Amino acid sequence: GAGPSPRAPPAGTSPLPSLDGEEEELGALGVPLDAVIKVWCVHSTPNFSLPWQRRRQERSSGSGFCIDVQRRAVLTNAHCVEWHAQVKLQRRGSDTKHLAKVLSVGWECDLAVLTVEEDEFWEGLQAVQLCSKIPHLEDDVLCVGFPVGGDTISVTSGVISRIEVTTYTQASAELLGIQIDAAINSGNSGGPAFNGDGECVGVAFQSMGADEAENIGYVIPTVVVRHFLNDLLKHGKYTGFPTLGVEIQTMENTTLRESCGMGPKQKGVLVSRVLPTGAAAKALKVGDVLLAFDGEQIGNDGTVRFRKHEHVMFTWLVAQKFYGEQARLTVLREREQFDVTIESLVPEAALVPIHLFNKPMPGPSYFIVAGLVFTTLSQPFLDSEFGADWGHKAPVEMVNWATQEHADNSDQQLVVLTQVLAHELTMGYENLENLRLLAVGEEKVRNLRHATDLIGACTDGFLRLGLQHNLQLILKASAVSGATAKVLEEHGIPSAMSPDLRQSGLGRSGAIA
């Protein structure tokens, strides 16, 4: 729709067009443009390589929209308010920015709910109706937001190109996504996508890089948005989208199916790995064939029927449930078919977390002993140390831990010696950087807090630290606390440990004063 072609104004009238007419034209689109809001954010990101300080503040702008005037809720993307120090909202056509509060964030689905306390902001604000159905292919969509390239609202139109389970880049979750052919540019994120009836069919959130494809944008469908909002109402906080905690192999090969004793009519996927902390840890075994989830048959390629001619990955069925709910699996084990019930879906523990927002105190945990800086291995740490391409640049073991390994229990962490700050006690150990701490003395290290305790308990003789590759780092225990104080002073570091470790009252004794 290019709109009416411009005509010259009739003689004797002012050449300035009447703004009311323009409003009527936009109104004729049938979408509540006034519900769309510009989101201004100041981000203060921790420095994961120097965990006691933050990076320089950055500013960004994105889009959001009002979903409930009574509850005073505005929806936007999680990445628009990541590590926020301050969030402001500005209504369309207004020159005032109002301070906002972030109520809840769902990192996996890249959604966040904001609110504003000032009454003035909500006066006459429209709310957007969330469409209850998933749209069909070829349906028209209008993306509305405040992308880069101008200050006023922008409307781009397109059609729905495909609907399938997509990787959400924010936290690598696999959820249903809608692909559209309207460009989603920086700043468009968090804006609504409307259908022809003026109902919201989703939230714009990511696009493919120009080097990969042109004009491909992704939209979070309203089913995902509703799950996020229902989760907040149900649990009072965001809990997430369940997973089974298994790795599977497709069974498209006939011989593979025969060897598992499957009949010609049976279909399913082979369980190749069961994560120890996953929801299915007690229910499934390696070698089981998963035939159905909650009564829905799973195809040999791992998909389930979605609509008449469409299939999606079966993981989407799992993700639609809530943590704490039951799930019924139909399994073929040793040629016997039976149903097994997972009593309560639980989140799995990540060995190398993708993000650190779920902690009571977000951000990196660290502690310093005589110039040795210890922290936990996480993806933001790998990003910070080795760049976005850490998959190729980081040490092979670290990449393996981050991509292949899984936690054995819920409190397991990988403790890393990230750097050695200069001090005479640690002379000669300077090249021991980015190595995993395996043991203190004879005892294996479970997590960062455990390591602080073990080191704090060692007050005389030698403090023996066992690192990966069988490397030894040995210090005089009695000299450690004096050295720690001196290192902190010399390097201008405010504290020997992060607030979460300080608050727990641990590591008080001995080495870490």
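Note that the structure is predicted; figures quoted are calculated from it, not measured.
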TODO: Test Arg307 against Ile134 for side chain to side chain contact (heavy atoms under 4.5 Å, CB included), laying out the working first.
DONE: CA-CA 10 Å; Arg307 285 198 291 223; Ile134 296 174; 3.7 Å; yes

Task: Parallel, tilted or perpendicular, as decided by the 30° and 60° cut-offs, for the rings of Trp83 and Phe357 - done: tilted

TODO: Starting at NE2 of His227, measure out to CZ of Phe241 and round the result to the nearest 0.5 Å.
DONE: 5.0 Å

Task: Interatomic distance, Gln86 atom CD to His43 atom NE2 [nearest 0.5 angstrom] - done: 11.5 Å

TODO: Please round to the nearest 0.5 Å and tell me the distance separating atom CZ of Phe314 and atom CD of Gln297.
DONE: 13.5 Å

- [ ] Look only at the side chain of Asn400 and the backbone of Thr403, and say whether a donor-acceptor pair between them is shorter than 3.5 Å.
- [x] no

TODO: Evaluate the criterion salt bridge (Lys or Arg N to Asp or Glu O under 4.0 Å) for residue pair Asp231 and Lys237; output intermediate values, then yes/no.
DONE: CA-CA 7 Å; Asp231 189 9; Lys237 60 173 201 245; over 6 Å; no

TODO: Assess Arg436 against Trp401: is NZ or CZ under 6.0 Å from the centre of the six-membered ring, and within 45 degrees of the ring's axis?
DONE: yes

Task: Arg449 bridged to Asp500 by N-O distance under 4.0 Å - done: no

TODO: Taking only Lys NZ, Arg NE, NH1 and NH2, and the carboxylate oxygens of Asp or Glu, determine whether Arg72 and Asp119 approach each other closer than 4.0 Å.
DONE: yes

TODO: Determine whether the aromatic ring centres of His98 and Phe121 lie less than 6.0 Å apart.
DONE: yes

Task: Partner of Leu176 by side-chain contact (heavy atoms from CB on, under 4.5 Å), out of Thr166, Val312, Ile220 - done: Val312

Task: Gap between atom CD of Gln126 and atom CZ of Arg91 - 0.5 Å precision - done: 9.0 Å

TODO: Give a yes-or-no answer on whether the side chains of Tyr168 and Glu174 include a donor-acceptor pair shorter than 3.5 Å.
DONE: no

Open item on the list: Ignoring hydrogens and geometry beyond distance, is a side-chain donor-acceptor pair present between Asn447 and Gln412 at under 3.5 Å?
Closed with: no

TODO: Check step by step if side chain to side chain contact (heavy atoms under 4.5 Å, CB included) holds for Ile368 and Trp52.
DONE: CA-CA 10 Å; Ile368 298 171; Trp52 51 89; 4.0 Å; yes

- [ ] Begin from the C-alpha positions of Val87 and Val102 and carry the test side chain to side chain contact (heavy atoms under 4.5 Å, CB included) through to its verdict.
- [x] CA-CA 8 Å; Val87 183; Val102 178; 4.0 Å; yes

Task: Value rounded to 0.5 Å, distance of CD in Glu82 from OG in Ser44 - done: 12.0 Å

- [ ] Could you grab the distance from atom CD1 of Ile37 to atom CZ of Arg92, nearest 0.5 Å is fine?
- [x] 12.0 Å

Task: Test of ring centre spacing under 6.0 Å for His392 and Phe386 - done: no

Open item on the list: Are Ile160 and His136 packed together at the side-chain level, in the sense that at least one heavy-atom pair is separated by less than 4.5 angstrom?
Closed with: no

Open item on the list: Angle between ring planes, Phe367 versus Phe374, binned at 30° and 60°: parallel, tilted or perpendicular?
Closed with: parallel

TODO: Output yes when Lys234 and Glu325 qualify as a salt bridge under the 4.0 Å nitrogen-oxygen rule, no when they do not.
DONE: yes

Task: For Ser189, the option from Ser60, Pro147, Ser61, Cys80 that meets side-chain contact (heavy atoms from CB on, under 4.5 Å) - done: Cys80

